[in-house]
Asker: 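Provided herewith is a single structure, encoded as structure tokens, for subsequent inquiry.
Positions are given from 1 along the sequence. Numbering of ligands and ligand atoms starts at 1, following listing order. On a predicted model such as this, the values are computed, not experimentally measured, just so you know. Heavy-atom basis, side chains included; hydrogens, waters and symmetry copies ignored.
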Amino acid sequence: MSEQLPIAVLVSGTGTNLQALLDTVHGREAEVVAVASSVAGAPALERADARGVPTAVFARAQYPDRGARDEALADWLQERGARLVVLAGYMELLGEPFLECFPGAVINVHPSLLPAFPGVGAIEQALAYGVKVFGVTVHFVDAGVDSGPVILQRTIELPDAREPEEVLAALRPLEHALLPQAVALFARGALRADPENPRRQIVDRPAAQTGEG
Ligand code: GAR
């Protein structure tokens, strides 16, 4: 195995996606070198503590504005040596100056089949629309809201779903598979933009994995 990619994970809540990363790619393709939360006391922080990963809280209210928060956050992640930033249930927007600190190296997991239902309450939006097929997207982060190039997507048919909790429970395993898979692909240098359409990410997979995802 070649060198592990140092990654930072940003969280705001429960941290089940962080846990999936800690249980799969951490210590293999990647090393989680920092976990930052926008919310003090988020359960995700305990998951990082349990694995000895350094944590910090960058709450919006601690800073005069979002830019100052982003700067402090980027400084800490760079001090920790992060080369990929993974948003795993991080419920804040990041400005362009932050993204410029990690060019092409910020990814997010979102609980819908983008470009449908970006932003907060994706599952509630999908239920309100009455869709029969739900999905998960892992994508690069740009300055828009859930608008960056798609890395991986997966769907699930839930024609009778009514409650957000039910949909979330069905989407969890998809997220927990897709996000670590995207991190591993990034760490292996297996993602590249299609020169004919830079929004389209070409995934170079080992022969045995062709057809997955
Ligand atoms: C996940 O479902 C993730 O897709 C979603 O928050 C949840 C976090 O769960 N993210 C967004 O909605 C971002 N727009 P977790 O804290 O258990 O990983």
Asker: Among all protein heavy atoms, pick the one closest to atom 4 (O) of ligand 1 and tell me residue, atom and distance.
Answerer: E175 OE2, 2.4 Å
Asker: Please confirm whether T16 comes within less than 3.5 Å of ligand 1 when only nitrogen or oxygen atoms on both sides are compared.
Answerer: yes
Asker: Counting distance only, does the side-chain N/O of Q19 pair as donor-acceptor with the main-chain N or O of A44 below 3.5 Å?
Answerer: no
Asker: Which class fits the ring pair Y63 and F58: parallel under 30°, tilted 30 to 60°, perpendicular over 60°?
Answerer: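 Geometry flag for F58 against Y63: parallel rings.
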Asker: So which heavy atom in the protein is nearest atom 14 (N) of ligand 1, and how far is it from that ligand atom?
Answerer: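 Its nearest protein heavy-atom neighbour is H110 ND1, 3.2 Å.
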Asker: State the OG-CD distance between S37 and E92, to the nearest 0.5 angstrom.
Answerer: 9.5 Å
Asker: For ligand 1, which is the ligand I care about here, please tell me if D146 has any N or O atom under 3.5 Å from one of the ligand's N or O atoms.
Answerer: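 No.
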Asker: Considering only the protein, which heavy-atom contact is closest to atom 8 (C) of ligand 1, and what is its distance?
Answerer: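 In this structure, atom 8 (C) of ligand 1 has G89 CA, 3.5 Å as its nearest protein heavy atom.
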Asker: Going by heavy atoms, is V109 under 4.0 Å from ligand 1?
Answerer: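 Per 4.0 Å heavy-atom rule, V109 contacts ligand 1.
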Asker: Please round to the nearest 0.5 Å and tell me the distance separating atom CG of N108 and atom NE2 of H139.
Answerer: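 That separation rounds to 4.0 Å.
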Asker: Among L18, L10, L179, which one satisfies side chain to side chain contact (heavy atoms under 4.5 Å, CB included) with V86?
Answerer: L179
Asker: What is the minimum heavy-atom distance between A161 and V167, and which atoms define it?
Answerer: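 For A161 and V167, the tightest heavy-atom pair comes out as CB-CG2, 3.7 Å.
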Asker: Are there more than 12 heavy atoms of other residues, nucleotides or ligands under 6.0 Å from atom CD of E124?
Answerer: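 More than 12 heavy atoms, drawn from other residues, nucleotides or ligands, come within 6.0 Å of this atom.
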Asker: What I want to know is whether N108 and ligand 1 share at least one N or O pair that is separated by under 3.5 angstrom.
Answerer: no
Asker: For the residue pair V11 and Y90, establish whether any side-chain heavy-atom pair is separated by less than 4.5 Å.
Answerer: no
Asker: Using a 4.0 Å cut-off to any heavy atom of T14, which atoms of ligand 1 qualify?
Answerer: 16 (O), 17 (O)
Asker: How close does the nearest protein non-hydrogen atom get to atom 13 (C) of ligand 1, and which residue and atom is it?
Answerer: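 Protein heavy atom with the smallest distance to atom 13 (C) of ligand 1: M91 SD, 3.8 Å.
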Asker: My understanding is that we take every heavy atom of each candidate and find the minimum distance to atom 5 (C) of ligand 1. Doing that for P43, A42, P111, S112, which one comes out nearest?
Answerer: P111
Asker: N/O to N/O below 3.5 Å, does that happen between G15 and ligand 1?
Answerer: yes
Asker: With a 6.0 Å cut-off (strictly less than), is the heavy-atom count around CD of E46, excluding the residue itself, greater than 12?
Answerer: no
Asker: At a non-hydrogen distance cut-off of under 4.0 Å, which region of L168 contacts ligand 1 (side chain, backbone, both, or neither)?
Answerer: side chain
Asker: Does ligand 1 have any atom that is closer than 4.0 Å to a heavy atom of R172?
Answerer: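 For ligand 1, residue contact (heavy atoms, under 4.0 Å) with R172 is present.
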